[in-house]
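First comes the structure, then the notes that go with it.
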Amino acid sequence: MESRYDFRTIEKKWRAEWEKNPINKEDDVKPRFYCLDMFPYPSGSGLHVGHWRGYVLSDVVSRYKVLQGYQVLHPMGWDAFGLPAENYAIKTNTHPRISTDANIQNAKRQLHEISAIYDWDKEVDTTDPKYYKWTQWIFVQMFKKGLAYEQEMPLNWCPKCKCVLANEEAAGGVHERCGSVVTKKNLRQWMLKITAYADRLLEDLNKLDWSEKVKKMQTDWIGKSYGAEVDFKVKDSDEVITVYTTRPDTLYGTACMVLAPEYKGLDTLVKPECKADVDKYCYDASTKSSVDRMTDKEKTGAFTGSYCINPVNGKELPIWVADYVLADYGTGAVMVVAAHDQRDFEFAKKFGMDIIPVISPDGKDMGELEEAYTGEGIVINSGDWNGMTVSEAKEKVPFLMEEKGWGRKTVNYKLRDWVFSRQRYWGEPIPIIHCEHCGAVPVPEDQLPVLLPDVESYQPTDTGESPLAHIDEWVNTTCPVCGRPAKRETNTMPQWAGSSWYFLRYTDVHNDNELASMDALKKWAPVDLYVGGIEHAVLHLLYARFYTKFLYDIGAVPFDEPFLKLFNQGMITKNGGKMSKSLGNVVSPDELVEKYGCDSLRMYELFVGPPEMDCDWDDSGIDGVFRFLNRVWKMVYNYKDAPKAATKEEEFIVNKMIVDVTNRVESLAMNTIVSTFMESTNKLLDVAKKEGGLSKETLETMTVMLAPFAPHIAEEMWHEMGHEGSVFDAGWPKADESKLVQDTVEIALQIGGKLRGKMEISKDAAKDDVLAQAKEVLASRIEGKTVVKEIYVPGKIVNLIVK
RNA sequence: GCGGCUGUGGCGGAACUGGCAGACGCAUCAGACUCAAAAUCUGACGCUGGUGACAGCGUGUGGGUUCGAGUCCCACCAGCCGCACCA
């Protein structure tokens, strides 16, 4: 062993050794732990220090579990289909297969620098036909269960990426990936009926150990609300307009009916004299971007000339069109209760309609309203319903309406079905054949996978047609049912298809007969700890839950939630901004590894701050971690050959360290673990200086505990202390509680809550003795005053209140 | 607009159930070693006043509860994130 900490030699040596003899051995007697990173897109820009943060954290947990005697599944793979890979390929003018492979090679090389315990025999690549065979198989199963269907409707269209988007990808009217403003395009597309799982996706959030933040984001996205549907007959017509409302208690206060510009059947309601106005209004609404429509708060509208009848009081209500009503939420029709909804209030006021209060906080008349009243209160102006409280009326009214045939109780969701097809090349072909006689027919399972054909031009088109549509020899096929000529579906699946189930595949990567065997799934899954960024809160994480529930329902998977515990690491920024190649602020781990070593960078990634919080990257602090590792190295070097018996103080420091580090790994408070190591080491070095050495056990315990964090230096020190096997076979140390009991404790002395001194007392000193002693110490300060109250918190504090 | 998170020295951040605020580290300063520098080691390091032991102030702001508040309650301010006309 050299006195100098030569990290380059050490890290190279042990990385090679672990590749030959992995420390994480399969052994079916041991308990199991599945620790998963969100797999990356192999983009051209490679990994930066932000990627390391999550990967280091999950590797620390994995290695810690190994030390605790678990066999750990800690795999890695590639989410290699989809827009980022394809756009990169287009930009660099290379086939996506070639650029993707190159990017995977590069990312893999960079990942090796982390020295995580990934088992590369279990690598998953979503673009591998052996993998996407099962991505397609899942789609076929969904089709067979009626969960995959085609529909023509106005869809979110990204003009830059030239493809349709799911609602989740277009939240806020902006494409989440490229930032372009989304427009609408009327297209026939494949949809997945995720709404059929809305309730279970909502309810089962209770089962999960996820942050409240992510659970809330999913809850809000699913957007369940309780209310009623009410049927309004159209005057002089057989038509009926059904509205959805969460306020059936306010039905008597309806001023008018408002329909979305895209309301189906609008045309039949428009009177000839109003047609020009309504048409113009609807045209203008259709050309507004969804962002404008969301941000223009000034109410607009047009009258159709028709009226409908309020079932509760027979009142005739004018029917209007207004773009503040959304076509795809509820029924696309809203009853305007001007007095109790701010938007309705503004609309009614602008067009001079009656504003009739039907809820009053005290049951009395409310006079002229300045704004809508949305609070609790008593029903007024509402016939038989008068006198009920709001909550009472909300509960009872739907049943009263049901009896009379006016409407019914119902629930509603914001969640929409998932737009699943993409007009792009680099994705899984949707395994469907279109036959004139048989309709859409799934490709028979024994013919899967439908291979993505090689193609000259994979540039996207403006027409909403996939680049695959031009490959006649691929498109033209025969119908698997009737054998007549037929055409293949040319759309591909979205990026999310492959990532919605990859965590299942890791358990049984090489299985050609099923997506994963039941045995393998039972053995490893579901995932015990899932680590990744929060940006997937309602995308990947919602889709993966949906897929898992579906696969559970068809008996392919033995559980219905994929990720038991989720940890979202904070983002690392540089100079306050997200790291990106275009901003030129990417901090590459490569140079830091070169200068300080992998172990130092691993520890520094943890030390920068609480792992769930964002933080701004600053290289300078890594010196502190590097110095710390040098100190530990020297400590072992100096004292390993002449061990001393441990003093009481030494045992206390070591056992305290064991307790603190263990608790903090369990709670993932990684930044404070590094502090604990540093503090303990400083104290041990003081002891060593005083006593002329340290015990063998102390040095060994320190080395073993350090191993998950700084594995190379720990392994080297372990061997230098004379051990044959790996430090990861040593077992995680257990604290000896008896060593943590100290004979004396220092307590703080306060007068009137202010710190006025300290004193050392025996750990089981009686209260009266402590107080007497405290008064002695503070004698000069309480002289001439009366002590009116004495507070003693054992082991902590004495507080004297004086007058 | 609604909802959530965050706010502590020059900086990153500690402080588990209310109990000694500022652990640990960075930067800075002083000292030791050195011909010198680097590295390393030792020490100082919230602010204000005082030569000084010491005193006063101090966890975004203002109130409150408590013997005692960074921590609990109320109101507000700022920053970030999410949702955003969801009837």
Side-chain angles (χ1 to χ4, degrees), chain A residues 4 171-173 211-214 216-217 219-221 223-225 227 243-247 250 258 260 291 293-299 322-326 328-337 340-344 346-347 412-416 534-535 537-538 570-571 573 576 603-604 607-610 612-625 627-628 630-631 634 660 663-664 667 669 671-682 685 689 746-758 788-802:
Chain A
R4 192 173 63 95
S211 71
E212 288 309 312
K213 182 178 177 158
V214 174
K216 184 156 193 324
M217 283 169 79
T219 301
D220 289 351
W221 190 260
K224 185 176 187 175
S225 65
V243 302
Y244 170 74
T245 178
T246 55
R247 296 297 304 273
T250 63
V258 188
V291 173
R293 244 176 101 164
M294 277 189 293
T295 45
D296 287 354
K297 301 282 179 185
E298 178 74 16
K299 295 290 173 288
D323 69 358
Y324 81 93
V325 177
L326 306 173
D328 54 359
Y329 180 73
T331 60
V334 171
M335 58 182 225
V336 172
V337 182
H340 304 294
D341 181 287
Q342 189 56 30
R343 297 151 305 176
D344 293 352
E346 287 162 18
F347 184 80
N412 201 36
Y413 299 91
K414 285 194 212 177
L415 184 71
R416 305 294 139 69
I534 199 160
E535 65 273 16
V538 286
M571 191 174 54
T573 55
M603 290 198 90
Y604 185 56
F607 193 49
V608 289
E612 69 280 7
M613 305 271 268
D614 293 349
C615 85
D616 202 63
W617 186 265
D618 177 8
D619 279 355
S620 66
I622 195 172
D623 282 305
V625 175
R627 282 174 200 146
F628 158 72
N630 274 282
R631 272 201 298 278
K634 249 177 232 166
D660 286 351
N663 289 341
R664 289 167 172 183
S667 61
N671 53 325
T672 59
I673 297 178
V674 182
S675 302
T676 304
F677 276 129
M678 288 172 169
E679 190 182 5
S680 306
T681 302
N682 292 345
L685 285 169
K689 204 183 281 174
E746 192 189 59
I747 64 167
L749 305 178
Q750 296 183 335
I751 295 175
K754 295 201 172 200
L755 183 67
R756 286 295 180 254
K758 292 176 184 187
V788 292
K789 193 166 181 182
E790 298 161 342
I791 292 134
Y792 173 52
V793 182
K796 291 210 168 136
I797 214 159
V798 168
N799 190 7
L800 303 177
I801 313 304
V802 297

Describe the nucleic acid contact of [X] in one word from base, sugar-phosphate, nothing, applying a heavy-atom distance below 4.0 Å.
| X | answer |
| --- | --- |
| Asn630(A) | nothing |
| Ala171(A) | sugar-phosphate |
| Val608(A) | sugar-phosphate |
| Ile801(A) | sugar-phosphate |
| Arg4(A) | nothing |
| Tyr413(A) | nothing |
| Val538(A) | nothing |
| Lys213(A) | sugar-phosphate |
| Lys224(A) | nothing |
| Lys758(A) | base |
| Glu346(A) | nothing |
| Asn671(A) | sugar-phosphate |
| Asn799(A) | base |
| Gly227(A) | nothing |

From C-beta outward on [X], which listed nucleotide comes closest to its side chain: [options]?
| X | options | value |
| --- | --- | --- |
| Met217(A) | A23(B), G82(B), C85(B) | G82(B) |
| Arg631(A) | A87(B), C24(B), C41(B) | C41(B) |
| Ile791(A) | U6(B), C24(B), C67(B) | C67(B) |
| Trp221(A) | C83(B), G25(B), A87(B) | C83(B) |
| Lys216(A) | C24(B), G3(B), G19(B) | G3(B) |

Between [X] and [N], is there a side-chain N or O to OP1/OP2 distance below 4.0 Å?
| X | N | value |
| --- | --- | --- |
| Tyr329(A) | A87(B) | yes |
| Arg627(A) | G25(B) | no |
| Lys754(A) | C57(B) | yes |

| message | Walk me through whether Val337(A) and His340(A) qualify under side chain to side chain contact (heavy atoms under 4.5 Å, CB included). | response | CA-CA 6 Å; Val337(A) 182; His340(A) 304 294; 4.0 Å; yes
| field | Residue whose nearest RNA chain B nucleotide is more 5′ - Thr672(A) or Thr331(A) | value |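 Looking at the nearest nucleotide for each, Thr672(A) comes out on the 5' side.
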| message | Could you measure the distance from the CG atom of Leu755(A) to the CD atom of Gln750(A)? Nearest 0.5 Å is fine. | response |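 Here the rounded value is 6.5 Å.
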